[in-house]
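Everything quoted here is computed from the prediction, not taken from an experiment. Quick note: residue numbers are just sequence positions, from 1. Reckoned from all heavy atoms, side chains included, excluding hydrogens, waters and symmetry mates.
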Amino acid sequence: MVATLFRIVPAVVCFWAWHCFGIDAPVSQRFNPNGGAMKQVADWGGIEVIVQARRFVWSRPRPIQECHMIIEAAKNLVTQYEFACAGIITPQMIRVAQREGQTPEFIRQEVSRGRLVIPANIRHLQGAGGQAAATSVMDIDYELPADAGHPGARADAQRLWVNQTVAQRTGIIMDASAFKGHRSAKRLDPMGIGRMVTTKVNANIGASPVSSNTAEEVDKLQWAQKFGADTLMDLSTGGNLVECRQAIIDHSTIPIGTVPIYSMIIGRKIEELTYDIILKEIERQAQQGVDYFTIHAGVLKQHLPLVKDRLTGIVSRGGSMLAKWMIVHNKQNPMYELFDEISAIMRQYDVTYSLGDGLRPGSCADATDAAQLAELRTLGELVYRAREAGVQVMVEGPGHVPMDQIAMNMQLQQRVCDDAPFYVLGPLTTDVFPGYDHITSAIGATEAARSGAAMLCYVTPKEHVGLPKAQDVKAGCIAYKIAAHAGDIARGVTGARQWDDDMSKARAALNWPKMFELAFDGETARALHDEDLEVDTDFCAMCGHDWCSMRISKEIQEFASGKDVNFEPAKKSAQSSGVSEEGAELLRQRGVLTQEQIHALAHKGKKAACHSDHVADAHDAKLVQLNTLKAHGVVLNEAGL
């Protein structure tokens, strides 16, 4: 009902004001209540209004009566969804627009439509350390760093935040002043999840009763952020859960999600769970600053008979626990029964729903079965109820789905759940590759992204076999960055392929330093290159000089390949700048080179004795550059030429 009013009232008032005041009236005649000042917002032409020390941003000038109505209503607004439905553009919407290369009004419309969510707990936005927020979310400013987008992105290009490399992300993580919170090391940098913007990646971490601790989980968080995670879920089931959760939130610039039921059953059996315990834990985690909750409210008592013939039963931890609770008590799912009360708590802190798929298939055999679809219909109902409560909502999707069913699952969710953002685990396209499920699932995730999934929940090599370590987090994040980016290219997301095109130009020009700068994980690419050939020249160890197709194409004058002046290497041949410590560690793990060889590669830019810079005579130095093969010990004929 609330959401409906927020949609209808501004539209009716706007139509009335259009006729009574004229949309072309001067700004000074449109608004100046209580001495409020109005000014144009730079870059995108919005209107900023300061009233009683609070800032309001709209996409266009509004008649004075409409301004009064909206500002009066805004006193009771909390969530991004409520602000969007009231026609108000928040600083968080502006920030998401910057990151997506869109206009703030487009983002506002998508949020009000329910097709995009901005998971942003008001306490995490402030970096409040689990305490009450110091200021309004309307008073937070965000400054887009100069290196937004992939390295070297043109000023007129679509500078997509998701296209940043590991090196760029590391700079923000290591910069203590970047996104510093009021009481915590970091605060949230808002991002958007929806199929009309770039595809996002979620990473899962969490201590278990037998492994890990708070410090290790914070380390995993930083690895996840570094290697491309857009959000992160703390799925801890062991150790000091409250301490671990707060530490993760306080060190994170990305949204943090949890599954509250995990904390509810620490120290008790699932059948001992009460309504009071549920609501208290929901509020405690909201107060800590959690940005989104997975709530398994769609698993109903009447759905359980549909599971009996499944090959793998219920594979969701939350779904299985609630199923047992319903059977023991012969009652309906308490999360479903308490949905309105849970929504009221979440609204206070602007926590976003991630409606859990407690009956997701755990094997290809169970995909798209009656149990999964019955729960999906309930999730569709809950989407509307969440919006009516003013709460942002997205929906979680299946985990094991054969390739031919993935697109259909995405389209079905869009119809049933009114296009709420779909957040999918994988899906895994086959069940027989444990140890490599980051690959089997990334294949399915690519198809899901192409078909409209808004966020992909990563899978690591430890899926089905153990608790992920930091290296597993890295492998999962990179596999899913590939899937998300490939999906964005296939969907035709504006600007998504500019990064790829720049890499192709550098590759065609045989500009190795530029290639490693553009590469998502340039340190790994550099280490693997230098393992075979520690010189940047016009070939690599794959084909050698004579067989290099890129070199041959570049030499053919009629071809455009390799001739973009902006991507030409500074020198035709130059000593490698050396591998980083992380790259050296990778080479040690591979075990191909000796420790002495690895040490030599990690020389941090020291030039080899044969380098042209060490040749005093300018003419001889030029000859060294021209005959790079001889200089580096590659003999072409018996004469050594």
Among side-chain atoms of D234 and T258, is any donor-acceptor pair under 3.5 angstrom? no
Please tell me if the side chains of D350 and I118 come closer than 4.5 Å, counting only heavy atoms from C-beta onward. no
Would a distance-only check, ignoring hydrogens and angles, find a side-chain to backbone donor-acceptor pair under 3.5 Å from T79 to G390? yes
Restricting to ring pair (Phe, Tyr, Trp, His ring centres under 6.0 Å), what partner residues turn up for H485, sequence neighbours left out? W499
Quick one: which of M455, Q413, K200 gives a side chain to side chain contact (heavy atoms under 4.5 Å, CB included) with Y423? M455
Side-chain H-bond candidate by donor/acceptor type, T294 with Y353, under 3.5 Å: no
Hey, are E82 and R347 close enough for a salt bridge, meaning a charged N less than 4.0 Å from a carboxylate O? yes
Is it true that, when you exclude Y436 itself, more than 12 heavy atoms of the residues, nucleotides or ligands shown sit nearer than 6.0 Å to its OH? no
Verify the distance criterion only: is there a donor paired with an acceptor across the side chains of T198 and E100 at less than 3.5 Å? yes
Hey, does the side chain of T524 reach the backbone of D521 with a donor-acceptor pair shorter than 3.5 angstrom? no
Should we count CZ of R385 as having more than 12 external heavy atoms under 6.0 Å? yes
Taking atom types as modelled, find out whether H400 and D366 have a side-chain donor-acceptor pair closer than 3.5 angstrom. no
If we count only N and O atoms by modelled type, under 3.5 Å, do the side chains of T368 and N409 hold a donor and an acceptor together? yes
Would you call K186 and D250 a salt bridge, using N to O less than 4.0 angstrom? no
Taking E341 as the fixed residue, which of I282, I278, L279 is the one that meets the side chain to side chain contact (heavy atoms under 4.5 Å, CB included) rule? L279
In terms of heavy-atom contacts, P427 and A448 come closest through CD-CB, 4.1 Å
Before giving the answer on salt bridge (Lys or Arg N to Asp or Glu O under 4.0 Å), spell out for K280 and E283 the whole-Å C-alpha distance, their side-chain angles and the decisive distance to 0.1 Å. CA-CA 5 Å; K280 283 184 177 179; E283 182 145 32; over 6 Å; no
State plainly whether the residues K269 and E272 are in salt-bridge range, i.e. N to O under 4.0 Å. no
Could you measure the distance from the CE atom of M196 to the CD1 atom of I107? Nearest 0.5 Å is fine. 10.0 Å
side-chain contact (heavy atoms from CB on, under 4.5 Å), that's the test. Do W161 and R169 meet it? Break it down for me. CA-CA 10 Å; W161 193 265; R169 293 166 185 268; 5.6 Å; no
Compare all side-chain heavy atoms of R317 with those of L235 and state whether any distance is below 4.5 angstrom. yes
Is there side-chain contact between P402 and T429, with at least one heavy-atom pair below 4.5 Å? no
Main chain of V351, side chain of N121: is a donor-acceptor contact present, judged purely on distance under 3.5 Å? no
Give a yes or no answer on whether the side chain of K481 reaches the backbone of V162 with a donor-acceptor pair at less than 3.5 Å. yes
Given V416 and L412, is the side-chain contact (heavy atoms from CB on, under 4.5 Å) satisfied, shown in steps? CA-CA 6 Å; V416 174; L412 186 61; 4.1 Å; yes
Non-hydrogen atoms of P119 and M191 that approach each other most closely: CD-O, 3.7 Å
Pairwise side-chain contact, D357 with S316, heavy-atom cut-off 4.5 Å (strictly under): no
Salt bridge present between K220 and E217 (N-O < 4.0 angstrom): yes
Minimal heavy-atom distance between V299 and G358, with the atoms involved, is CG2-CA, 3.7 Å
Salt-bridge criterion met for R588 and E585 (N-O under 4.0 Å): yes
Checking the side chain of R195 only, and the main-chain atoms of A454 only, is there a donor and an acceptor separated by less than 3.5 Å? no
Does any donor atom in the side chain of Y349 or Q285 lie under 3.5 Å from an acceptor atom in the other side chain? no
Can you tell me if H251 uses its side chain to pair, donor with acceptor, with the backbone of I248 under 3.5 Å? no
Looking only at atom types and distance, does a side-chain atom of H529 sit under 3.5 Å from a main-chain N or O of A525, one as donor and one as acceptor? no
Is there a side-chain contact between Y292 and Q392, using heavy atoms and a 4.5 Å cut-off? no
With no hydrogens and no angle check, just 3.5 Å: does a side-chain donor-acceptor pair link D340 and S343? no
Is the closest side-chain heavy-atom distance between K301 and N333 below 4.5 Å? no
Hey, are D189 and R99 close enough for a salt bridge, meaning a charged N less than 4.0 Å from a carboxylate O? yes
Taken to the nearest 0.5 Å, the spacing of T378 OG1 from L373 CG works out to 11.0 Å
Where L376 and C417 come nearest, the two heavy atoms and their spacing: CD1-SG, 3.8 Å
Under the side-chain contact (heavy atoms from CB on, under 4.5 Å) criterion, do F433 and I439 qualify, and how do the steps go? CA-CA 9 Å; F433 289 90; I439 300 173; over 6 Å; no
Between V459 and L428, which heavy-atom pair has the shortest distance, and what is it? CG2-CD1, 4.2 Å
Is the closest basic N to carboxylate O distance between R360 and E396 below 4.0 Å? no
Would Y480 and S441 count as having a side-chain donor-acceptor pair, cut-off 3.5 Å? yes
Side chains of V592 and L587 in contact at under 4.5 Å (non-hydrogen atoms): no
One pair to check against side-chain contact (heavy atoms from CB on, under 4.5 Å): E281 and I261. What are the steps and the verdict? CA-CA 8 Å; E281 185 60 33; I261 193 173; over 6 Å; no
Is the closest side-chain heavy-atom distance between L232 and N204 below 4.5 Å? no
Run the salt bridge (Lys or Arg N to Asp or Glu O under 4.0 Å) test on D437 and K462 for me, step by step, so that the C-alpha distance in whole Å, both residues' side-chain angles and the decisive distance to 0.1 Å come before the verdict. CA-CA 8 Å; D437 279 335; K462 292 292 284 286; over 6 Å; no
Donor-acceptor pair, distance only, cut-off 3.5 Å: does the side chain of S112 make one with the backbone of C85? no
Hey, are E110 and Q102 close enough side-chain-wise for a donor-acceptor pair under 3.5 Å? no
State whether the side chain of R491 and the backbone N or O of S451 hold a donor-acceptor pair below 3.5 Å, judged by distance alone. no
Looking only at heavy atoms, what is the nearest atom pair of V111 and Y81, with distance? O-CD1, 3.3 Å
Taking atom types as modelled, is there a side-chain donor on Q288 or R245 under 3.5 Å from an acceptor on the other? yes
Are there more than 12 heavy atoms of other residues, nucleotides or ligands under 6.0 Å from atom NZ of K469? yes
Nearest 0.5 Å, please: how far is OG1 in T165 from CZ in F520? 7.5 Å
If we count only N and O atoms by modelled type, under 3.5 Å, do the side chains of R187 and S252 hold a donor and an acceptor together? no
Distance only, no hydrogens: is a donor on one side chain within 3.5 Å (strictly under) of an acceptor on the other, for D276 and T274? no
Distance-only donor-acceptor check, side chains S363 and D431, under 3.5 Å: no
Using a strict 4.0 Å threshold on nitrogen-to-oxygen distance, state whether D488 and R450 make a salt bridge. no
